Structure formats: C-alpha cells, structure tokens
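Sequence positions, counted from 1, serve as the residue numbers for this chain. Quantities reported herein were computed from a predicted structural model and do not represent experimental measurements.
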Amino acid sequence: MTAPEPPGPLSGLDQAAHLHTLAERIRHAADDLPTPQPTLSLAGIGEEVEDQTRLVAGLFVSLAHEAAVHNRAAKQHPDGADSLAHRKVALMTRAADPLGRALAKLGEAVVEIGRLHDSSQGPRTRERVQAIDDRLFSARRHLMDAASNLHRDADLLVAAASGTRHAPPPPHTNRLPATLPVLAPASPTVARSLR
C-alpha cells in the first residue's frame, strides 16, 4: 500500500498532462484490440484478448488506486486541500464507467471464444467469429469514448487553472452499449450443420 502524500500544488498543466497521458494509454489499448479474422487461430485471438483485458483492468485499477490515495491524503491533511487536484481526480474517475463497459465487452468476447472451443456448439462459422468481433468493436468504442472524454476534461482543467471563463462541460459521451447488428438468417445448409 502506498503511503498517502499531502496534496501538492501541482499546476493545472501538470494535472492536465496526467489526464492526457491516461487518455493516450486508454486510446492505445483500444487501438491494440485484436480484429478476429476467419484465418486467425483461436489461440491467437484468445491470447490477444487476454493481454488487452489485463491492460484495461490495470487501467481501471489505476483509476481506483489514484482516487483512494487522493482521498486518504485529503483526509490526513484536510487543510492542505488542492482544489485543482480534487477536480482532476473527479474528472479522471469518470473514465471508470466506459472502462468498466469495455471490460464487460471483453468478458463477453471471452465467452464467445469459449463457445468456439466447445465442439458441441458446432463448427466455427462466420457468425461466431462475427460475435467476437462485435464484442471487441463495442469494447474499442467504449475505450475511445473514455480517451476522448479525458482529453476534453484535461483541456477544461487547464482552463479552470488559468482562470479562463468557459461554458460548463458538455455531458460525457459515454454511450450505452449499442445493439448488435442483426445477422442475416442462416441458410438451411448452415443451420443443419449447426445442429
């Protein structure tokens, strides 16, 4: 456990740089999500999803840890409150929602990968690979939302630190999961092979 430090007077630029760095780490995680292809092995997809799940979970834990450390420091040093640091933590932790949604979609992708391994589920079909791709696409979208929101929040933090008047921040674009595309009905030949 990290010993809490008293809140320091970091400049608005330092606080914003921290948010920008976190946003870039999240964006890179989104960029690195695998794109399943019919020729890609299940082991390859599984390993890539595992790696990215670990990375996204680590980012999520990092958010929770930073909020906890900041809260402990504020509690131990109530007269050393840094309103800019409080604002940064409040803005930063809003990324937890889309990160959590991305983790949920990665979990659904793992379920689909497991179904492909289950021989009783039938042969590997385009629809089954598409189901994995749909989950990874949703995870990627949530990660990109988190990254763009953090970049916008960092810019707001700089404006707040410099005393620039600005309009209230627009609501975050953390979208609810979109419905998955409807797949065309399987041909009778494919439907028979899946039974």
Side-chain angles (χ1 to χ4, degrees), residues 1-33 49-110 135-179:
M1 184 165 97
T2 307
E5 297 179 14
L10 287 177
S11 74
L13 292 177
D14 291 338
Q15 301 283 2
H18 184 218
L19 290 182
H20 280 302
T21 299
L22 180 59
E24 284 304 305
R25 288 176 60 202
I26 293 170
R27 188 185 62 75
H28 286 298
D31 290 344
D32 291 342
L33 282 174
V49 169
E50 175 192 16
D51 290 346
Q52 291 312 110
T53 301
R54 185 176 289 117
L55 180 69
V56 173
L59 290 167
F60 193 85
V61 168
S62 173
L63 288 177
H65 174 76
E66 183 147 351
V69 167
H70 181 77
N71 289 340
R72 283 191 298 270
K75 184 177 179 180
Q76 290 180 354
H77 307 281
D79 51 343
D82 179 354
S83 63
L84 204 53
H86 288 306
R87 177 109 170 104
K88 180 200 77 171
V89 171
L91 293 171
M92 180 186 67
T93 55
R94 292 194 312 186
D97 181 47
L99 282 176
R101 290 176 193 267
L103 277 172
K105 289 300 176 183
L106 288 171
E108 290 175 17
V110 170
R135 277 33 175 225
L136 295 176
F137 178 80
S138 287
R140 186 176 294 109
R141 189 187 76 232
H142 291 301
L143 292 171
M144 294 304 282
D145 285 349
S148 65
N149 290 342
L150 280 170
H151 278 303
R152 185 180 65 240
D153 288 345
D155 294 340
L156 292 172
L157 196 61
V158 169
S162 67
T164 306
R165 289 195 156 268
H166 58 280
H172 273 193
T173 58
N174 298 341
R175 297 172 269 185
L176 293 175
T179 56

(message) How long is the straight-line distance from CE of Met92 back to CG of Asn149, given to the nearest 0.5 Å?
(response) 14.5 Å
(message) Taking the side chain as everything from C-beta on, heavy atoms only, tell me whether His142 gets closer than 4.5 Å to Asp97.
(response) no
(request) Look up atom CG in Asn71 and atom OG1 in Thr93, then write down how far apart they are to the nearest 0.5 Å. (result) 9.0 Å
(request) Quick one: pull up CG in Leu19 and CZ in Arg152 and give me the separation to the nearest 0.5 Å. (result) 12.0 Å
(message) Can you give me the closest heavy-atom contact between Ala96 and Leu63, atom names plus distance?
(response) N-CD1, 3.7 Å
(request) Taking the side chain as every heavy atom from C-beta outward, state whether Glu66 and Lys88 have any atom pair closer than 4.5 Å. (result) yes
(request) Begin from the C-alpha positions of Leu103 and Thr53 and carry the test side chain to side chain contact (heavy atoms under 4.5 Å, CB included) through to its verdict. (result) CA-CA 7 Å; Leu103 277 172; Thr53 301; 4.1 Å; yes
(message) Quick check: do Leu136 and Leu106 have side-chain heavy atoms less than 4.5 Å from each other?
(response) yes
(request) Fit a plane to each ring of His86 and His70, take the angle between them on a 0 to 90° scale, and name the class: parallel (under 30°), tilted (30 to 60°) or perpendicular (over 60°). (result) perpendicular
(message) To the closest 0.5 Å, what do you measure between CG (Asp145) and CG (Leu99)?
(response) 10.5 Å
(message) Once rounded to the nearest 0.5 Å, what's the spacing between atom CG of Leu59 and atom CG of Leu22?
(response) 6.5 Å
(request) Check His20 against Ala154 and note the closest heavy-atom contact, atom names and distance. (result) NE2-CB, 3.4 Å
(message) Let me confirm one number: the CZ-CD distance from Arg87 to Gln15, rounded to the nearest 0.5 Å.
(response) 11.5 Å
(message) I'd like to know if the side chain of Ser62 reaches the main chain of Gly58, judged simply by a donor and an acceptor atom lying under 3.5 Å from each other, with no hydrogens or angles considered.
(response) no
(request) Looking only at non-hydrogen atoms, find the nearest pair between Ala29 and Leu55 and report the distance. (result) CB-CD2, 3.5 Å
(request) Test Lys105 against Arg141 for side chain to side chain contact (heavy atoms under 4.5 Å, CB included), laying out the working first. (result) CA-CA 10 Å; Lys105 289 300 176 183; Arg141 189 187 76 232; over 6 Å; no
